[in-house]
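Here's the structure, in structure tokens; my notes come after.
Just so we're on the same page: letters track the sequence lines, and every chain starts at 1. Predicted, not measured: the structure shown is a model, and the values here were computed from it.
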Number of protein chains: 2
Amino acid sequence: MRGKPMTIGRISKAAGVKVTTIRYYESIGLMGTPDRSESGQRLYGSDAVERLSFIRHARDLGFAVDSIRDLIALQTTPEADCAAIDAAARRQLANVRERIARLRALQSELERMVRSCEGGVIATCAVLASLADHDQCASDDHGPRDLAL
Amino acid sequence: MRGKPMTIGRISKAAGVKVTTIRYYESIGLMGTPDRSESGQRLYGSDAVERLSFIRHARDLGFAVDSIRDLIALQTTPEADCAAIDAAARRQLANVRERIARLRALQSELERMVRSCEGGVIATCAVLASLADHDQCASDDHGPRDLAL
DNA sequence: CTTGTCTCTACAGTCGCTTTAGACTGTAGG
DNA sequence: CCTACAGTCTAAAGCGACTGTAGAGACAAG
């Protein structure tokens, strides 16, 4: 399955992942150590492109690097059953749904702000008023905000 | 407008922002340097709570810290007009809409994945197949992924 | 041979905080 | 008063997921 070896730049283009990011993935153990040319340049087969595409796709879907590591580990134990992977996908889906809900709330609030901002002086700016408006609506939980965006 | 001075813990509770985060905001110049008690503890008036609520709300809406600094600066020059603030809100709204669109695509893909995963062995897991599926669908732009989530 | 593009390593920077460590302060109960 | 214990202080390191930089070597095309 491995055609002629490719340099890092080529698989970067092929997989749509930056060169530096590929090296980073290697450093955190997502990509494994590739062969090297005599002069020390990394050489990859097409399996590396597939792996990178897998990683990129999973990242695009919002999977954390740790989850991806798990998925890759599961992939290499084909006798296991699908349940773990299904569970990961479901968690991710719940996560995405929550983010969407949050963002939709932000969207309507921002729309309201923009609609009500009809010029005028700062002192009366509805946008600032909206922001200053400290209704404790939902969550005084002090928790991490990383779901917000 | 300034009632009896409050310790950092109290305004933390009042504004829903962690103590450490308040100190951090001070360190990056979002909050200004408060008075201190004899023993060196920070003392705030209720205006600090309002400022914190403003910051928190803006952060919840996805405004970057730099934008918030700008908004605060604008607030203190009340002769300026509303246009700059309106523009910031519009930028933010466009940003949020894009995030929502991206997330909706992820949602339907994840839904499809979960639907098609009906048990079985890893080798045939549809979720993994979806992830391995490297259709270059949209964006091989190598750009920053921070819009993704 | 020269030019220009890759590639290498190692490390610092990004953003928006959170965590840690160790010391000090303020307060309530006994 | 003493003791607990919660709150506060500073400075610095850590997080996730990369990105950017510097300086040097490698390789392909003209």
Does a side-chain N or O from A:Thr7 land closer than 4.0 Å to OP1 or OP2 of C:dT7, or not?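 For A:Thr7, the contact criterion (side-chain N or O under 4.0 Å from OP1 or OP2 of C:dT7) is met.
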
Using whole Å, report how far [atom1] of [X] lies from [atom2] of [N].
X	N	atom1	atom2	value
A:Ile11	C:dC6	CD1	P	15 Å
A:Arg10	C:dT5	CZ	P	15 Å
A:Arg56	D:dA17	CZ	P	17 Å
A:Lys18	D:dT21	NZ	C1'	14 Å
B:Met6	C:dG26	CE	P	18 Å
B:Glu26	D:dT10	CD	P	7 Å
A:Ile28	D:dG16	CD1	P	10 Å
A:Ile8	C:dT5	CD1	C1'	15 Å

By side chain to side chain contact (heavy atoms under 4.5 Å, CB included) - contacts of [X] (at least two apart):
X	answer
B:Arg104	A:Ile100, A:Arg104, B:Ile100, B:Gln107
A:Arg10	A:Met6, A:Thr7
A:Ser37	A:Ser39, A:Gln41, A:Leu43

Protein-nucleic acid N or O pairs under 3.5 Å, nucleotides 9-13 of chain C:
| from | atom 1 | to | atom 2 | distance (Å) |
| --- | --- | --- | --- | --- |
| C:dT9 | OP1 | A:Arg36 | NH1 | 3.1 |
| C:dT9 | OP1 | A:Arg36 | NH2 | 3.0 |
| C:dT9 | OP2 | A:Arg42 | NH1 | 2.8 |
| C:dT9 | OP2 | A:Arg42 | NH2 | 2.8 |

Where A:Phe63 and A:Ala89 come nearest, the two heavy atoms and their spacing: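 In terms of heavy atoms, the two residues are closest at CZ-CA, 4.2 Å.
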
Minimum heavy-atom separation for A:Ser12 and A:Val17, please, with both atom names.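 Taking A:Ser12 first and A:Val17 second, the nearest heavy atoms are OG-O, 2.6 Å.
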
Go through the structure and list residues passing salt bridge (Lys or Arg N to Asp or Glu O under 4.0 Å) with [X], not counting sequence neighbours.
X	value
B:Arg69	B:Asp66
B:Arg23	none
A:Arg97	B:Glu111
A:Arg90	A:Asp86

For nucleotides 1-3 of chain D, print each protein N/O atom paired with a nucleotide N/O atom at under 3.5 Å, atom names and distance only.
none

Between the side chains of B:Arg91 and B:Asn95, does any donor sit under 3.5 Å from an acceptor?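 Distance-only check fails for B:Arg91 and B:Asn95.
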
Dump the intermediate steps for side-chain contact (heavy atoms from CB on, under 4.5 Å) on A:His57 and B:Glu109, then the final yes or no. CA-CA 11 Å; A:His57 203 167; B:Glu109 184 158 7; 3.0 Å; yes

Could you run down the sub-3.5 Å N/O contacts of the protein with nucleotides 14-16 of chain C?
| from | atom 1 | to | atom 2 | distance (Å) |
| --- | --- | --- | --- | --- |
| C:dG16 | O3' | B:Arg59 | NH2 | 3.4 |

Could you tell me the separation between the CG atom of B:Leu30 and the OG1 atom of B:Thr21, rounded to the nearest 0.5 Å?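 Rounded to the nearest 0.5 Å, the CG-OG1 separation comes to 11.5 Å.
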
N/O to N/O distances under 3.5 Å, protein versus nucleotides 24-30 of chain D:
| from | atom 1 | to | atom 2 | distance (Å) |
| --- | --- | --- | --- | --- |
| D:dA26 | O3' | A:Ser39 | OG | 3.2 |
| D:dC27 | OP1 | A:Ser39 | OG | 2.9 |

Using 4.0 Å as the upper bound for N to carboxylate O, is an ion pair formed by B:Asp60 and B:Arg56?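 Here B:Arg56 pairs with B:Asp60 in a salt bridge, since their nearest N and O are under 4.0 Å apart.
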
Is a donor on one side and an acceptor on the other found under 3.5 Å between the side chain of A:Ser53 and the backbone of A:Val49?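 At least one qualifying donor-acceptor pair exists.
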
